[in-house]
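Step one of this worksheet: look at the structure below.
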Amino acid sequence: MESILKGKLKEAVRILYNSNISDDLIQIQETRKDFRGDFTVVMFPLLRFSKNTPEKTGETVGNYLLTSFPAIAGFNVIKGFLNLEISNTWWIGYFLEMALEEKLLKRCLVPKPEIILVEYSSPNTNKPLHLGHIRNNLLGFSLYRILSACGHKVIKTNIVNDRGIHICKSMLAWQKYGKGETPDSSGIKGDHLVGKYYVLFEKEYKAQVDDLVAKGVEETDARNSAPLMKEAREMLVKWEAGDKEVIDLWKMMNSWVYAGFDETYKMLGVDFDKIYYESETYKIGREIVISAIEDKVLFRNPDSSVWVDLTAEGLDQKLLLRSDGTAVYMTQDLGTAVLRQNEYGFDRCLYVVGNEQNYHFQVLKAVLKKMGYKWSDGLYHFSYGMVELPEGKMKSREGTIVDADDLIKEMKETAREVSLELGKLADYSVEEKEEIFCKIGLGALKYFILKVDPHKNMTFNPAESIDFNGNTGPFIQYTYARIKSVFRKADQMGIKCDISMSSEMKGGIKEIELVKLLRRFTETVSEAASGYSPALLANYCYDLAKEYNQFYHDFSILGEPDPAIRNFRLALSKVTSEILGSGMWLLGIEMPERM
RNA sequence: GGUUCCGUAGCUCAGUUGGAUAGAGCAACAGCCUUCUAAGCUGUGGGUCGCGCGUUCGAGUCGCGCCGGAAUCACCA
């Protein structure tokens, strides 16, 4: 409609004022709710052609459109705004077209699909996942779905940080204090078991440091010379040297962690097409760095550490290889990027990583560019904000880390309580009920996180559990289940939804509001894709659900005697449920048929 | 100190490329279930959009300068 109107406006200006107007001067937007009309044209840019007041210009243009364009039923001018009223016939025609379309999402397909790699999750193998990872996973996964919906070939990847001193810490603690404890023997989920020994290491290590400090040793010296730290470092050297005993221990404990992660990922409903391991990619990174020294892109210090000079790019000098030749964080990310480009030839690579690493990714991109990799332009750091508690950051030392598994469990539990209290699922089996509690609990959690603009920090208050009323996932799920319920009832009553019959609809109707909102779906998906913002889509779903609930409250659907109107309302309900369903699906949120 | 991001109602958050009188939810208060699911709907109260200047017919939105908060600037990852 906007593009037709645009054409008509150009025509109007040509005929009325004998001038050609460029596209960017024509501003069309949906009319605000408190004014009469459907579309609003801003008159100010046209004044240079009309040489008249905004009001007069509005009148003249409005009259022209009214007589030359049948879809326009009327207009009014307020200040510099020309509000056009579109005929209901046009709206209904528009809606029918939409309702009969096989796959609405086809409208989102981009002309040039790209190969896009999305990296998300990126866990360390020494601790279980926490709330921060949940935000990361949900964002990454929904970006995958949204970009895929637009026709891109999207590959979900995960890079597991499975090497380094922190991994050795938990291994060492297990070796010293574990007494052969395993997930099976202890009944503890693998990632939590390994995490337990990481915490234990830190505790024992701190005790040693405190002890040394008490004996008069300087704090930094104490940290370096504490026996546990020494042992951990020795273990890392052994690991890098491929010592069989260490490697075997590493493999065993990692396998526990992976089994634990898999369970959490499954609960969250996320998965990956390809998993990279830093223990493999850091070697590639090292090779690349070494060959770049020969090309004089990098330089070597007298102590034989390798650096890149990015002062010309406004950044600092950055270390790429330690003086002992071992790799740092950046080294492995360089290797991973090159490996991925070789394997997939991606056009874009999205790193879903917290904003605390903004500098790191700036450097990564700059280094690759300096090394001559043209595809480095396609790297994009999807930088999202931290999840904070009311009192600030989560801190493991203060035990305020919100564990992912615990949180998911609590959400399900709350869903169960709320649901049982309402008692609408009495005739369901235990398994069916559990499945619904799961959908609702996770729906609440996922929506809570995804509705917030990704690049902002967000607050989570563990004391007040996540809401199930208002602007929440369950609210949207409820709306969906409600519509499903209407259709179950319609079946019982033998009422079929014959969309074509609603074309006989006439008259002034409030349902048009709903149509207007429905039509925004596909453009919202496109915006969410181009702006990398699932939040846009989440808030759209909320707006739609809210609008539908008003409609549902104000009008009877099945009780409506006029079949044309009844069918129209049924069709509206059907399209609403489909859009809510696929909108939430794009966010990775499942919808229950009943709740 | 340098760089990046953020600052909107008591709280959590929306607010399209600058457009009209800044919106939701939660919390508080008052209503609505013999009729399609009340996890819903309706209403009331609540704001110097951190502060100032500038650009513009028009600024929560753009620019500059302050103030406040976060992150980062490691031979940690």
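Just so we're on the same page: letters track the sequence lines, and every chain starts at 1.
By the salt bridge (Lys or Arg N to Asp or Glu O under 4.0 Å) test, Lys516(A) pairs with Asp38(A), Glu513(A), sequence neighbours left out. Listed by chain and residue number, Tyr548(A), Phe555(A) satisfy the ring pair (Phe, Tyr, Trp, His ring centres under 6.0 Å) test with Phe551(A) (two or more places apart in sequence, or in another chain). Checked against ring pair (Phe, Tyr, Trp, His ring centres under 6.0 Å), Tyr198(A) has no partners two or more places apart in sequence or in another chain. For Glu578(A), the side-chain contact (heavy atoms from CB on, under 4.5 Å) partners at least two apart in sequence or on another chain are Lys574(A). Judged as a ring pair (Phe, Tyr, Trp, His ring centres under 6.0 Å), and not counting sequence neighbours, Tyr276(A) has no contacts. Residues satisfying the side-chain contact (heavy atoms from CB on, under 4.5 Å) criterion with Thr524(A), sequence neighbours excluded, are Arg520(A), Leu537(A), Tyr540(A). Scanning for ring pair (Phe, Tyr, Trp, His ring centres under 6.0 Å) contacts around Phe261(A) gives an empty result, with sequence neighbours left out.
Nucleotide C76(B) holds its P atom 18 Å from the CD atom of Glu356(A), rounded to whole Å. The distance from atom NZ of Lys546(A) to atom P of G23(B) is 14 Å, rounded to the nearest whole Å. Here the P atom of nucleotide G25(B) and the CG atom of Asp467(A) are 12 Å apart, to the nearest Å. Rounded to a whole Å, the CG atom of Asn355(A) is 9 Å from the C1' atom of C6(B). Residue Asn224(A) contributes atom CG, which lies 17 Å from atom P of A74(B) at whole-angstrom precision. In this structure, CD1 of Ile165(A) is placed 10 Å from C1' of C76(B), rounded to the nearest angstrom. Rounded to whole angstrom, the span from the CD1 atom of Ile476(A) across to the P atom of A24(B) amounts to 16 Å. Between Leu46(A) atom CG and G58(B) atom P there is a gap of 18 Å when expressed in whole angstrom units.
With respect to the salt-bridge test (charged N to carboxylate O, under 4.0 angstrom), the residues Glu523(A) and Arg107(A) do not qualify. Salt bridge absent: Lys56(A) and Glu59(A) never bring a charged side-chain N and a carboxylate O closer than 4.0 Å. Remark: Arg223(A) engages Glu219(A) in a salt bridge, criterion side-chain N to carboxylate O under 4.0 Å. Comment: Glu435(A) engages Lys439(A) in a salt bridge, judged by a side-chain N to carboxylate O separation of less than 4.0 angstrom.
Between Gln550(A) and the phosphate of U42(B), there is a side-chain N or O to OP1/OP2 separation shorter than 4.0 Å. Using a 4.0 Å cut-off, some side-chain N or O of His455(A) falls inside it from OP1 or OP2 of C6(B). Side-chain N/O atoms of Arg322(A) include one lying less than 4.0 angstrom from OP1 or OP2 on C76(B).
Distance check on atom P: U61(B) versus C49(B) gives 10 Å, rounded to whole Å. Across the P atoms, A30(B) and A70(B) are found 40 Å apart, a figure rounded to whole Å. Comparing the same atom, P, in C26(B) and in A39(B) gives a spacing of 13 Å after rounding to whole Å. Annotation: A28(B) and G10(B) have their C1' atoms spaced 11 Å apart (nearest Å). Nucleotides G60(B) and A14(B) are separated by 12 Å at their C1' atoms, to the nearest Å. A20(B) and C62(B): their P atoms are spaced 16 Å apart (whole Å). Straight-line distance between the C1' atoms of G50(B) and U8(B): roughly 10 Å, to the nearest whole Å. Comparing G45(B) with A9(B), their C1' atoms are spaced 11 Å from each other, to the whole Å.
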In residues 482-489 of chain A, what donor-acceptor pairs under 3.5 Å come from side-chain atoms, sequence neighbours left out?
from: Arg482(A); atom 1: NH1; to: Asn549(A); atom 2: OD1; distance (Å): 2.7
from: Arg488(A); atom 1: NH1; to: Glu593(A); atom 2: O; distance (Å): 3.4

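The residue Tyr359(A) sits close only to the backbone: its heavy atoms come under 4.0 Å of sugar-phosphate atoms, none of a base.
Between Glu278(A) and Lys393(A), the residue whose closest nucleotide on RNA chain B is further toward the 5' end is Lys393(A).
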Quiz item: What one-letter contact string describes nucleotides 33-39 of chain B from 5' to 3', where B marks a base within less than 4.0 Å of any protein heavy atom, S marks contact via sugar-phosphate atoms alone, and - marks no contact?
Solution: ---BBSB
Quiz item: For every nucleotide of nucleotides 10-20 of chain B, 5' to 3': is a protein heavy atom under 4.0 Å from its base (B), only from its sugar-phosphate (S), or from neither (-)?
Solution: --SSSSB--BB
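Listed by first and then second residue, the salt bridge (Lys or Arg N to Asp or Glu O under 4.0 Å) pairs involving residues 540-565 of chain A are Lys33(A)-Glu547(A), Lys510(A)-Asp554(A), Glu560(A)-Arg569(A) (not counting sequence neighbours).
Base orientation at C33(B) is syn, since its O4'-C1' glycosidic dihedral falls within 90° of 0.
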Quiz item: Just the dot-bracket of RNA chain B, please: which string comes out with Watson-Crick or G-U pairs under 3.5 Å, [ ] for crossing, | for another strand?
Solution: (((((((..((((.....[...)))).(((((.......))))).....(((((..]....))))))))))))....
